[in-house]
Amino acid sequence: GEDVEQSLFLSVREGDSSVINCTYTDSSSTYLYWYKQEPGAGLQLLTYIFSNMDMKQDQRLTVLLNKKDKHLSLRIADTQTGDSAIYFCAEKGRGGADGLTFGKGTHLIIQP
Amino acid sequence: DAGVIQSPRHEVTEMGQEVTLRCKPISGHNSLFWYRQTMMRGLELLIYFNNNVPIDDSGMPEDRFSAKMPNASFSTLKIQPSEPRDSAVYFCASSLRPSGETQYFGPGTRLLVL
């Protein structure tokens, strides 16, 4: 299977919470990241979490990490139309390297 | 801070031509990364440099691809000769090592090889 896996699509209603899930395989990963990509644009870092943490909150964003299950999630509270984008999960530290390994991305679709 | 700067933003070329992509990392950053994004394969790391030295080029697809970092403020990714399957968005990112846990991405170069 893939090193970092994500669902391809998530559809939510405006104002609801969005939860985007990710699983990874490398237990040596040091940091885990969430990046956002809007159409035709580059990658914007949203947040990251160190592997010895289990939760991080930053305004509307909450990251949960279950290291035992190698499961990462991103919760976006009060989802707005501006949150419509592709969200990438990434891990750092695979094989001790500095490069990031990305998932294929989750398309977040906001319904009015 | 201007962020990571990439040029050109768009490039259209014909098969067999040489293509050179350029990147200026964030001032003070000492690690530089080249990634490629395609529909089929997603985002892949091609190569990265620490202190201008290539550390891992295992992601470079073929000998047609080469990357250099002659100084701390400039890097190039060259494809010679280019092929249609090289069409992709190429991203450059930089970070501060060893303390920097965050990679900052440039806007990307959209390459189309006809």
Side-chain angles (χ1 to χ4, degrees), chain A residues 1-9 20 22-26 28-53 56 58 61 63 65 72 85-107, chain B residues 1-7 9-10 21 23 25-26 29-51 53-60 67 88-112:
Chain A
E2 296 290 334
D3 298 324
V4 179
E5 291 193 356
Q6 304 177 238
S7 298
L8 283 182
F9 295 97
I20 304 171
C22 169
T23 57
Y24 61 99
T25 57
D26 193 343
S28 66
S29 296
T30 53
Y31 288 93
L32 294 134
Y33 302 82
W34 286 104
Y35 282 85
K36 175 183 180 183
Q37 185 178 36
E38 297 183 36
L43 288 157
Q44 173 195 353
L45 176 68
L46 283 180
T47 187
Y48 63 93
I49 188 167
F50 188 46
S51 59
N52 69 352
M53 298 170 63
K56 181 178 181 181
D58 183 2
L61 305 178
V63 178
L65 175 61
L72 182 74
I86 304 175
Y87 291 80
F88 290 93
C89 170
E91 61 175 346
K92 176 185 175 183
R94 175 174 292 273
D98 288 342
L100 300 183
T101 302
F102 285 87
K104 289 287 199 305
T106 299
H107 294 242
Chain B
D1 196 323
V4 176
I5 299 172
Q6 291 187 246
S7 65
R9 294 293 306 276
H10 299 88
L21 311 181
C23 176
I26 292 173
H29 281 190
N30 56 0
S31 288
L32 184 140
F33 305 80
W34 283 101
Y35 293 86
R36 178 172 70 174
Q37 185 178 32
T38 62
M39 288 292 292
M40 292 299 295
R41 300 176 66 89
L43 275 154
E44 304 173 284
L45 176 68
L46 299 178
I47 185 172
Y48 77 92
F49 297 82
N50 286 340
N51 296 313
V53 176
I55 302 300
D56 182 0
D57 65 354
S58 59
M60 296 285 263
V89 182
Y90 291 82
F91 289 103
C92 176
S94 72
S95 70
L96 181 61
R97 191 177 191 276
S99 59
E101 62 278 359
T102 305
Q103 291 183 20
Y104 295 92
F105 281 73
T109 295
R110 282 155 180 77
L111 173 65
L112 177 61

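All chains are named by letter (A, B, ...) in the order of the sequence lines, taking the proteins before the strands, and each is independently numbered beginning at 1.
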Please state whether the side chain, the backbone, both or neither of A:Phe50 comes within less than 4.5 Å of a heavy atom of chain B. neither

What part of B:Met39 gets within 4.5 angstrom of chain A, counting heavy atoms only: side chain, backbone, both, or neither? neither

Part of B:Gln37 within contact of chain A (heavy atom distance under 4.5 Å): side chain

Answer yes or no: is there a side-chain heavy-atom contact under 4.5 Å between A:Asp98 and B:Ile55? no

Contacts of type salt bridge (Lys or Arg N to Asp or Glu O under 4.0 Å), residue B:Glu44, not counting sequence neighbours: B:Arg36, B:Arg41

Taking all non-hydrogen atoms of both residues, which atom of A:Tyr35 and which atom of B:Gln103 are closest, and how far apart? OH-O, 2.7 Å

At their closest point, which heavy atom of B:Thr102 faces which heavy atom of A:Tyr48, and how far apart are they? OG1-CE2, 3.6 Å

Do other residues, nucleotides or ligands put more than 12 heavy atoms under 6.0 Å from the CZ atom of A:Phe102? yes

Can you name the one residue among A:Val4, A:Leu43, A:Leu100 that meets side chain to side chain contact (heavy atoms under 4.5 Å, CB included) with B:Leu43? A:Leu43

B:Phe105 and A:Gln37: side chain to side chain contact (heavy atoms under 4.5 Å, CB included), yes or no, with the steps? CA-CA 11 Å; B:Phe105 281 73; A:Gln37 185 178 36; over 6 Å; no

